[in-house]
Amino acid sequence: MAPPASRTTVFAARRIVTMNPRQPFATHVAVRDGRILGVGDLGSLAAYGPHDLDDRFADQVLMPGLVEGHCHLKEGGMWDMPYLGWFDRRDPDGTVWPGLRTMEAVVARVAEAAADLADADAPLICWGFDPIYFGGQRMTVEHLDRAGEARAVVIGHANGHLMNVNSAALRMAGITRDTDVEGVVKFPDGPKAGEPTGELQEPAAMFLIVRHVGDTGVLAPVTVAGVRSFARLACREGVTTATDLVNKLTDRDLAVLGEALADEGCAVRIAPAFQAFHGTHGAAAGAERVATLRGRSTDKLRLGLVKMMLDGSIQGFSARLRWPGYHNGAPNGIWVTAPAQYEADFETYHRAGLTIHTHTNGDEASVVAIDAIERVLARAPRPGHRHTLQHGQMIDAPLFRRMASLGLSANLFANHIWHWGDQHAEVTMGPDRAARLNACASALAHGVPLAIHSDAPVTPLSPLHVAWCAVNRVTPKGRVLGETERLTVEQALHAVTLGAAWTLGLDGEVGSIEPGKRADFCVLEEDPLAVDPMALKDVRVWGTVFGGAVHRASAA
Amino acid sequence: MSAPPSPSPRPLPMTVVGGFLGSGKTTLVSHWLREAGGQRIAVLVNDFGDLDIDAGLIAAVGSDVITLSNGCVCCQIGDDLAAALIAVLSAPAPFDAVVVEASGVSDPGRIAQYARADPALTPDGVIVLLDAATARRDAADPLLADTMLRQLGSADLLVVNKTDEVDAAEDARLDAWIAEAAPGVPTLRTTQARVPLAIISRLAPWDGGSVPHDAAPGPHRHDHAPAGDPRHGDVFESWSCRPARRFAVADLRDWFAGGLPGLLRLKGWVQAPDDGWIEVQFMGRRGTARPSSPPPGGEPAIVAIGIGGRLPRESLERAFEHS
Ligand SMILES: [Zn+2]
């Protein structure tokens, strides 16, 4: 007996922005078995026979489900802790945490969170503290002791390189005036001269705290609840496909992903990238592991990506820069992987047929990656490799031309223009190089496939915000960093749909609304192509359609 | 929250071994693991791949931990040094020392900061290896030069390895370059990353002659002939005594601060004025003196090791023999 015929649903919308250049706009899309059957108007879709008409989106605009090509599932787990950032940020339940613009506001939120904690002894850990617009004012134990004296309070900074703690946390960790180590900041004068201020600046100093409260950073393993939170946030931001751009892919990690994604409410496809940061002999086993796992991919879990890392971060002064180096004279950054080992390991993963995403923030790191990949491709040509440079924040036109000739893609960190753009202009790069920070228009002009990203939780998960950054290139202080590097809205929307999907090898499946692709849509209240480009980030997301199933973002 | 501290736990000595890929770091820690001599050493490495340990010495192999039958363990750091150190510090059976192999591009000085920061650890030196055959070429590579200089700047002891692979002319050029790139850093030369454990570990005895247990306290000096193979590296000599007088921690610290060229390692215990004990340790260019529990033998004893002919004997005699 034949299986029962699948039903066809036709979604009607105010407008459908398809990202398919042959048919850029439509009003109706027919869906069967989770895939797109046809796109057009109600009349043209009659060709596909009987259907159920779903007109709940008659007043909304549909786009392809947005694709975040560089983020971390940890974004979901961060919200177990209070957020203290300068920028407004929305949590998975839709609550907007207003940005904290003064030290007093930070202290008040910490005090509130401390009062809310039931367990009187449990440490309070907060994240996202971002004092760069506080005019040089530093947080000390004097602030945090006002927020809570009995329990340990630990505040992580948004840049990931610093921590502030209160007196109780200093006692817990045994940090005193006698702790003689770089990174334990002491009061220079006043009644507390020589005592620790509670600011901890180096991994060794932060280790004293991490030993007691555990690692809460981006690399901490994700949990099932964390993945579910991430999926709720993704739905709220219109994202239906996302990476987890460093994952150890242990059996435990895979079990967590498998369990979370088995839930139909978890409406997101995840493409985790294997964390290929290992010793000198780890690449062969790593490549074998990922190549084997690739066969275990499912509709919602796509395995086969590899993440490598060459340098650190620009705002942390650990990125590798070419001449003239850091604008403020800071010494050049660090190699996270030695250039020679990068090349050798890259070749191993490349020869195994895998797609490698390389973290290169500074332009010297980008040059090293391009040089290495050029040699590897000469030794081992491979069509369709889709290797991608991630962040690539200082790549200039000559490097983009080389990338194009090698078939490399760029996933640029456009959100940096807003989040750290003023620091880059004033401190890290100076005005000229800051003007080519995340040079999106140059990438396209020279034929490099382009994606743009948030690196959530480093900045918030929101492709429309990232697109807004790439389109406007404005900073909080009102600068426009490099007008000529601005994208059109169409180009920016391409970069957060088909552009990102290309870097993940999923552009045949997601990223546009056309027949045969998965029925993954982002449902918007306004038309992103019709609003003022300065309002692109404010376009409201109603929710998503995922494999044909409707998911409304939960009400705040 | 943290458990109350157990009664005066001895901090765990931590050594950091740095140097570029191929400089001999793993070979050095392999020697250490094989020759631990009853000490329980935890060695944290980047990769098991280059480890050179007889199968007969291996008791168990896990994905990230190798347990040896002599009580030592070797762990792969992965990307998380903090987690690896926490595992070592919370091991049910305490270790005697921890040795961290830094990655080829990391600054071992930054890793040594963990031992300075954490009261459960105490720094026991930063050893940086240089491959004699490739060091000058790497130092001329604009991508690597600053990384190498940072490593040299962090070294308490520079070990020039593979000296058998360069001729006399290159050797001289290397010497001149080291004098410029790492001024004041004690340097020794070797092959196959062989360095006497007594120099790199505060725990290992000097088998060129330790202080005899039957010796009575008092100015009692033992000089020892140079040991080592002069064909392929430095030879070493030692000096030892049983100081009869009592010492103040501050005086010992001042003595270290004055600089002790030619001294590579000094270790031992002396008596404090209040009948307490002071543990004295010096490695490369840093010394510490800190109140301690009584020494294993219950007697004061000092051993000093340096390159043959360069031990600062007069300074040692003035410090420890004169009353
Ligand atoms: Zn990232």
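The shown structure was predicted, so the numbers you read here are calculated from the model rather than taken from an experiment. Chain A is the first sequence line, chain B the second, and so forth, proteins listed ahead of strands; every chain is numbered from 1.
With a 4.5 Å cut-off on non-hydrogen atoms, Val367(A) does not touch chain B at all. Interface residue Asp118(B): backbone and side-chain heavy atoms are both found under 4.5 Å from chain A. Heavy atoms closer than 4.5 Å to chain B are found in the backbone of Asp180(A), but not in its side chain. With a 4.5 Å cut-off on non-hydrogen atoms, Leu89(B) touches chain A through its side chain but not through its backbone. Within the 4.5 angstrom heavy-atom criterion, only side-chain atoms of Thr179(A), from C-beta onward, approach chain B.
The shortest heavy-atom contact between Ala117(B) and Leu208(A) is O-CD2, 3.5 Å. Closest approach of Pro339(A) and Leu144(B) over heavy atoms only: CD-CD2, 4.0 Å. Between Arg110(B) and Ala204(A), the shortest heavy-atom distance links the atoms O-CB, 4.4 Å. Among all heavy-atom pairs drawn from Thr337(A) and Val105(B), the shortest one is C-CG2, 4.1 Å. Residues His281(A) and Asp47(B) share a closest heavy-atom pair of N-OD2, 2.5 Å. Between Pro142(B) and Arg320(A), the closest heavy-atom pair is O-NH2, 4.2 Å.
When each of His278(A), Arg211(A), Gln341(A) is checked for heavy-atom pairs under 4.5 Å with chain B, Arg211(A) comes out on top. In terms of non-hydrogen atom pairs under 4.5 Å with chain B, the most contact-rich of Ile175(A), Asp178(A), Asn332(A) is Asn332(A). Between chain A and the residues Ala82(B), Ala83(B), Gly78(B), the most heavy-atom pairs under 4.5 angstrom are made by Ala82(B). When each of Asp50(B), Ile111(B), Asn46(B) is checked for heavy-atom pairs under 4.5 Å with chain A, Asp50(B) comes out on top.
To the nearest 0.5 Å, atoms CH2 (Trp335(A)) and OG1 (Thr147(B)) are separated by 8.0 Å. Leu143(B) CG to Arg322(A) CZ: the interatomic distance, rounded to the nearest 0.5 Å, is 11.5 Å.
Counting heavy-atom neighbours within 6.0 Å of Leu21(B) CG, excluding the residue itself, gives a total of 12 or less. The local environment of CD in Glu202(A) is crowded, with over 12 non-hydrogen atoms from other residues, nucleotides or ligands closer than 6.0 Å. Around CD of Glu288(A), the count of heavy atoms belonging to other residues, nucleotides or ligands within 6.0 Å does not exceed 12.
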| Is there a side-chain contact (heavy atoms from CB on, under 4.5 Å) between Arg116(B) and Val184(A) once you walk through the steps? | CA-CA 11 Å; Arg116(B) 259 175 258 292; Val184(A) 173; over 6 Å; no
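In this structure, the side chain of Gln113(B) engages the main chain of Glu182(A) through a donor-acceptor pair within 3.5 Å.
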